[in-house]
Amino acid sequence: IDLSQYFTIFKVSSAPKRKLMSAPNKIGHKVFLMQDDVIRSLQAFEGKTIAITGATGHLGRLALTALKSRAPQADVLALARDAQADLGVPVRAFDYTKPETLAPALAGVKTLVLISSNDFNDRAGQHIAVINAAKAAGVTRIIYTSILKGDTSPMILAQDHIATEAALAASGIPATILRNGWYTEN
């Protein structure tokens with residue numbers, strides 16, 4: 001299933017009369033601006049395993065909660081450093097800094113929501129390890145939380161996202177890139 005069919009035009013929740021359109025970025029991925037719209041599109045993946053990285057973090061918990069409430073029949077996994085975390089769904093050990101945990105945790109996953117690491121020292125390296133593990137595990141779609149204007153931003157922080165988006169393109173795994181500004185929950 002091509003997610004782009006679910007992401008053509010979005011209503012912006014803060015301004016319901018405005019609409020945002022998706023557009024391909026420089027490396028050919030569709031780019032979307034509204035985090036909430038990914039949750040809606042994932043409802044179409046009910047019956048296929050969806051995993052969310054960083055599930056015990058602030059954004060990860062919000063995404064997990066939203067997905068569970070909006071797609072209750074979806075087969076959802078939480079991926080987190082603490083496999084004992086009580087998140088209301090199965091949790092698998094998944095640590096960006098421990099590559100040996102990545103591929104086993106992705107067994108059976110079809111859609112991976114890759115929430116950007118908060119490590120400023122090796123964010124791109126961690127993301128690339130996740131992408132490689134996803135490819136090895138047979139993941140068929142990655143949804144990645146990038147940065148606004150991620151392929152052209154001059155911000156130092158954007159370099160990690162540029163590298164991650166390039167790695168996604170090189171992987172051959174279909175990807176949806178979320179180009180969010182500063183998250184409202186921050």
Side-chain angles (χ1 to χ4, degrees), residues 1 3 32 34-147 150 157 160-161 163-165 167-168 171 173-180 182-186:
I1 297 173
L3 269 183
F32 308 100
M34 300 305 295
Q35 186 85 23
D36 197 49
D37 293 309
V38 168
I39 302 302
R40 280 198 296 276
S41 77
L42 287 173
Q43 292 170 341
F45 284 82
E46 291 182 10
K48 298 182 180 177
T49 303
I50 303 163
I52 299 176
T53 69
T56 56
H58 193 74
L59 180 58
R61 285 181 187 269
L62 290 172
L64 188 59
T65 299
L67 181 56
K68 288 188 317 184
S69 70
R70 293 180 186 169
Q73 274 65 37
D75 184 12
V76 179
L77 290 173
L79 302 175
R81 287 182 292 242
D82 178 7
Q84 303 305 313
D86 183 11
L87 298 171
V89 298
V91 180
R92 293 183 184 174
F94 192 88
D95 188 334
Y96 293 138
T97 65
K98 296 179 181 170
E100 68 277 6
T101 69
L102 305 178
L106 295 173
V109 170
K110 293 302 174 197
T111 301
L112 175 64
V113 180
L114 173 53
I115 294 181
S116 180
S117 167
N118 62 2
D119 184 336
F120 292 110
N121 295 317
D122 191 28
R123 180 192 329 252
Q126 291 173 3
H127 293 170
I128 291 167
V130 172
I131 293 163
N132 291 337
K135 185 169 184 166
V139 170
T140 59
R141 163 82 48 199
I142 296 176
I143 299 170
Y144 172 61
T145 58
S146 188
I147 190 171
L157 178 67
D160 293 333
H161 297 288
T164 300
E165 290 185 27
L168 283 167
S171 76
I173 301 171
T176 301
I177 309 298
L178 301 177
R179 292 270 177 78
N180 299 303
W182 196 246
Y183 301 120
T184 57
E185 64 272 7
N186 283 341

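All residue numbers in this chain count up from 1 along the given sequence. Computed from a predicted structure; not experimentally measured.
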Distance check, rounded to the nearest 0.5 Å: [X] atom [atom1] versus [Y] atom [atom2]?
X    : Y    : atom1 : atom2 : value
I173 : I142 : CD1   : CD1   : 4.0 Å
I52  : L67  : CD1   : CG    : 5.0 Å
L64  : R61  : CG    : CZ    : 8.5 Å
L168 : L114 : CG    : CG    : 7.0 Å
I177 : I143 : CD1   : CD1   : 10.0 Å
D82  : F94  : CG    : CZ    : 15.0 Å

Report task. Give every residue pair that meets the ring-ring contact (aromatic ring centres under 6.0 Å, His included) criterion with at least one member in residues 125-144, sequence neighbours excluded. Result -> H127-Y144, Y144-H161

Taking all non-hydrogen atoms of both residues into account, name the closest pair between [X] and [Y] and its distance.
X    : Y    : answer
L106 : A133 : CD1-C, 3.8 Å
A93  : A83  : N-CB, 3.7 Å
V91  : A85  : CG2-O, 3.4 Å
L79  : L112 : CD1-CD1, 3.8 Å
A167 : I128 : CB-CG1, 3.6 Å
A124 : T164 : CA-OG1, 4.1 Å

Is it true that a side-chain atom of [X] and a backbone atom of [Y] form a donor plus acceptor pair closer than 3.5 Å?
X    : Y    : answer
T65  : L62  : no
T53  : V113 : yes
K110 : V139 : no
R141 : T111 : no
R81  : D95  : no
K68  : L87  : yes

Requested in this report: Assess whether side chain to side chain contact (heavy atoms under 4.5 Å, CB included) is satisfied between I50 and V109, documenting all intermediate values.
Outcome: CA-CA 6 Å; I50 303 163; V109 170; over 6 Å; no

Report summary line: Sequence neighbours excluded, the answer for salt bridge (Lys or Arg N to Asp or Glu O under 4.0 Å) partners of R123 is D160

Query raised in the report: Under the side chain to side chain donor-acceptor pair (under 3.5 Å) criterion, do D75 and T49 qualify, and how do the steps go?
Result: CA-CA 5 Å; D75 184 12; T49 303; 2.8 Å; yes

Requested in this report: Determine whether more than 12 heavy atoms belonging to other residues, nucleotides or ligands lie under 6.0 Å from atom CZ of R92.
Outcome: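 Yes, CZ of R92 has more than 12 neighbouring heavy atoms, counting only those of other groups under 6.0 Å.
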
Requested in this report: Verify the neighbour count for atom CD of Q84: are there more than 12 heavy atoms of other residues, nucleotides or ligands below 6.0 Å?
Outcome: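 Not more than 12 within 6.0 Å, no.
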
Query raised in the report: Taking atom types as modelled and ignoring hydrogens, do the side chains of T97 and Q126 form a donor-acceptor contact shorter than 3.5 angstrom?
Result: no

Query raised in the report: Does a side-chain heavy-atom distance below 4.5 Å link T145 with L59?
Result: yes

